[in-house]
Structures are given as C-alpha cells and as structure tokens.
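This report concerns only the one structure given below.
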Protein chains: 2
Amino acid sequence: MSVGDTEKSTSDRGRLDKRRAIVEAALRVFARVGYAQASLDMIAAEAGVAKPTIYNHLGSKENLFRHVMTETAARANGKTMEVLESFPGEADGLRPGLEDVAGKLVACYTDEQSQAVRRLLYAEAVRFPDLFDQVRASGPDQFIEALAGRLARLANAGHLRIEDPVRAANQFIALVYEELPTLSTFGSRPLDSREAEKVAVAGVDTFLRAFGS
Amino acid sequence: MSVGDTEKSTSDRGRLDKRRAIVEAALRVFARVGYAQASLDMIAAEAGVAKPTIYNHLGSKENLFRHVMTETAARANGKTMEVLESFPGEADGLRPGLEDVAGKLVACYTDEQSQAVRRLLYAEAVRFPDLFDQVRASGPDQFIEALAGRLARLANAGHLRIEDPVRAANQFIALVYEELPTLSTFGSRPLDSREAEKVAVAGVDTFLRAFGS
DNA sequence: GTGAAAATGAACTGATGAGTTCAATTGCCT
DNA sequence: AGGCAATTGAACTCATCAGTTCATTTTCAC
C-alpha cells in the first residue's frame, strides 16, 4: 500500500495538476459553506475531478481540510511577514512609515483567502483545536515577535517611548485592525477598503499619541 | 425525596419548566460540539427530556439554535451594558475608574456563556448571517454608542482629549480586549484571568497616554 | 377521583454524505 | 506501440441524524 507518500514531487508521473486544483477548490467550497456543509461531491465537482481522486491525493475530508488550512495560512502569513520589510527604521518619516505598514497589514488582513482561513479556523476551533494552535504559532505569534523587535529598535533609538515591546506590538495591531472583524462580519461579507484605511490611519495616530516621543 | 438532587429522578415526567431545561442544555451541547455536531438526541439526554418534547416546545433544530443564541446573547449583553453604570463621571479617580470598567468588561467578555455564544455566532456566521447581524445590532453596536457617549462627556468636561468619540470607544475596547480572543483560542479554552487583568490595565494605560489631558 | 394536557420511549422514515470498489479509460513515458 | 499509473464514473455500503408517529404514562387542575 502506498503509505506515507509525503510528497510526490520526486517523480512527476503523468499526473495533471489535480492536487492543486483540489486544494484550491476545497478552499473555495469550505469558505462558501463551511466545513460540515461541504460535501466531497461538491468539492470534486468544483475541482473538476472525480471523487476517488481526492482520496488518492489527500486521504480523507479531515486531512484535506488540514492541508487546505495549513497551506493557505502559510501563504497568507508569508505575505504578512513581508510587510515588515518596509518597516521604518528611522525617526525620519516615522508616521507615514507606520501608516504605510498599517495600510499594508490591513490589506493582508482583508485579503479574501486570508479572511477565509481565519473564519474557518475560528469556526472549527472546537473540532480542530490543534490546527488553530499550529497556524497561530507559525503565523501571528511569530509576527508579533518580529513587530515587537522592530518597535524595540525604534524605542532604543529614542524614537518611541515603549517599555514592553511585545505588549506595544499587540496594541499596535489591536488599534490598526480595531473593529475590522465585526465590520466584515468576520469576513463573511465585503469590506469597504476606504473605511478600513481610515481605521488604520486613526490607529497609527492613537499609537503615536501614546508612544511617540 | 432526595433533597438537592438536581438530576431527574426516575419519575420526573409531566410538566415542569422543561423548556428552560432544554434551552440551557442546548447551549451547553452546542458550545461543546458545535451546531452541526450537536444531535437532538444529545440535547434531549443532556436536558433530561424526551426528544419529541423538544419539538413540542421549539419546533426544529434551527429554531432551537436561534432561541438559544438570542436569549443567551441578550442576557450577556445586558450584563455588559450594566458595567457602564459604574463609568467614572469625574476627572477625579479617572484612571482607577477606567481600570475598574475595563476589568469588568474583560470579566463579561470572558464569561463562559458569553464566550460560548460569541464562538457559536462566529462559527455559524455563514449559515446564520441574519442571526449574527441581529445579535450584533442589539449588543455590541449599542454598547459602542453608549461608551462613546460616556467618553464624549468626559472629553466635553475637559478630562480627555477626544475628537471622534465613536472611534475612541472602538479603540478603547480594542486596547482592553487586545489579544483576548487569540489567548483563549476564541473561548474554546480557559483563560488566565490574572493575565487578562494585566492586559486590561495596560490597555487603559495606553488609552490614557493617548487621550488623557 | 377523573380527565385532559403534557411528557415519554421506542421504533420508524427519509435524506444526506463519507468512504470504497471496480471495470473502463486516459495521459504520459520509453 | 506497449505499458504503467493516474483518473474516471457509477454504483454501493454504512452510519448518522432530523423529524415523526403512537401507544403509554405521568402530572395537575378541578
């Protein structure tokens, strides 16, 4: 029996790229109707694939869900981490620099796939608590650490007055995202991006009122 | 006549407040396993009631869920609004007053039933979008308005420097709750209340750094 | 007491959906 | 062209569960 065939990358036997099609279709279907309501027949139809093919590649509905979540979350988290590369390092242009970062973070947050994963993780946190932890540990937790490092550097250079960088980092994102989740009904409806941008700028303003030097 | 025996004795038939027992049991079961995974047999067993009795009182699973959500949310929202009665009206003792309010809000937020409803609302936002809207309109939206009013009064009296009270209210709760949701995996696991308290105090501190006069 | 209303348990229906099987087909490699 | 593996469709098994039915039992108001 083909047991742990972790990746089939070694031999690209005459397979079409069914696997990717399945995962992408699954994300769409899961996002649209939720985990419990998504049937494998739906997903197979959406992917343009026969049902047994799904089992060939991914084994079970639960396994498929895990793959979809971790893969999509990894992609979304990667984009979020990239935002920090444009983080301001000098006091010069600090406010516009932070506003730029905040705007990009909001864009990442409101990205369709990103919202879909987040919503599904919340929705299924009872059924898949380990998945929730795993994604958080590899994403948000690392991001907060990285952001805290950037803030600490600014504070160290005297450009900000911050005692607890991790707390400041959490408060920064709390201020920037503010009521984004409720505004979009947790991603289940579109969000006015101009409104989101204003929230982000206001968040930066409050952050600087509190921590600017 | 076993006194203090809350469990139904073998002969507990007939009419009593079955309806309340059903709704309470349903909340527990829904919170424990989610809407889709909760069967009416489970709920009936948990309530100590026969399955047809549930249909007598509440008609259908969907209807039962709606009742459970709206009733529990109304109770939780009521408690949250009560917190505002102890909102400080004078500059005198402003910080401890706000810290007190923040602590109580965190307590409301982390209340077991409150978290259960919130988690279920998020989880089922795709299936019951109207329910989400209804609860939010009757709860959080009104709360933000009320909080904004209190803040505006303080600002008007010169005790705070606030231009946009609604935004300030949103930022206040964003700072106070901060990462509570992720800390508790959206309510699916217990939360260290000392840690939550520290987050709240830090949130008030940042709020006052930004808006204090 | 008596009788109607409410509650019970147990069995039943119908639908849905995960996961499997398999013979037939397709695409790709040498 | 031959061959191998992936793919396909369709039918099938098995389990779960919402919602119903009904004959029986219990409670309570009178």
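Sequence lines set the chain letters: A, B, ... in the order given, protein chains first and strands last, and positions in each chain run from 1. Values below: every heavy atom of this structure, side chains too, minus hydrogens, waters and symmetry copies.
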Taking only nitrogen or oxygen atoms into account, show me every contact under 3.5 Å that the protein makes with nucleotides 22-24 of chain C, one pair per line with its distance.
none

Between the protein and nucleotides 16-19 of chain D, list every N/O to N/O distance that falls short of 3.5 Å.
from: D:dA18; atom 1: OP1; to: B:A38; atom 2: O; distance (Å): 3.1
from: D:dA18; atom 1: OP1; to: B:K61; atom 2: NZ; distance (Å): 2.9
from: D:dA18; atom 1: OP2; to: B:L40; atom 2: N; distance (Å): 2.9
from: D:dG19; atom 1: OP2; to: B:Y55; atom 2: OH; distance (Å): 3.3
from: D:dG19; atom 1: OP2; to: B:K61; atom 2: N; distance (Å): 2.9
from: D:dG19; atom 1: N7; to: B:K51; atom 2: NZ; distance (Å): 3.3
from: D:dG19; atom 1: O6; to: B:K51; atom 2: NZ; distance (Å): 2.7

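Using the six-membered ring where Trp is involved, B:F132 and B:Y122 have ring planes that are tilted, between 30° and 60° apart.
One can place NZ of B:K18 at 14 Å from C1' of C:dA5, the figure rounded to the nearest angstrom. Distance NE2 (A:H57) to P (D:dA5): 15 Å, rounded to an integer number of Å. Residue B:R19 contributes atom CZ, which lies 20 Å from atom P of C:dA5 at whole-angstrom precision. When the P atom of D:dT27 is taken as reference, atom CG of B:D17 falls 15 Å away, rounded to whole Å. One atom, CG of B:N56, and another, C1' of C:dA5, lie 10 Å apart when rounded to the nearest Å. Following rounding to the nearest Å, A:I54 (CD1) and D:dG9 (C1') show an atom-to-atom distance of 14 Å. We find that CG of A:L58 is positioned 14 Å from P of C:dA18, with the value rounded to whole Å.
When all heavy atoms of A:A200 and A:A102 are compared, the pair lying nearest together is CB-CB, 4.1 Å.
Ion pairing between a basic and an acidic side chain is recognised when a charged N comes within 4.0 Å of a carboxylate O; B:E46 and B:R32 show such pairing. Remark: A:K198 does not engage A:D205 in a salt bridge, criterion side-chain N to carboxylate O under 4.0 Å. Ion pairing of B:E124 with B:R127 is present here, as a side-chain N (NZ or NE/NH1/NH2) and a carboxylate O approach within less than 4.0 Å.
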Check step by step if salt bridge (Lys or Arg N to Asp or Glu O under 4.0 Å) holds for B:R66 and B:E62.
CA-CA 6 Å; B:R66 302 190 111 95; B:E62 175 174 336; 2.5 Å; yes

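Cation-pi geometry between B:K104 and B:F87 is not satisfied (NZ or CZ under 6.0 Å from the ring centre, within 45° of the ring normal). Judged by a 6.0 Å distance limit and a 45° cone about the ring axis, B:R118 is positioned over the six-membered ring of B:Y109.
Between B:T53 and C:dT8 there is a side-chain polar atom (N or O) within less than 4.0 angstrom of OP1 or OP2.
Between B:F211 and B:L151 the shortest side-chain heavy-atom distance does not fall below 4.5 Å.
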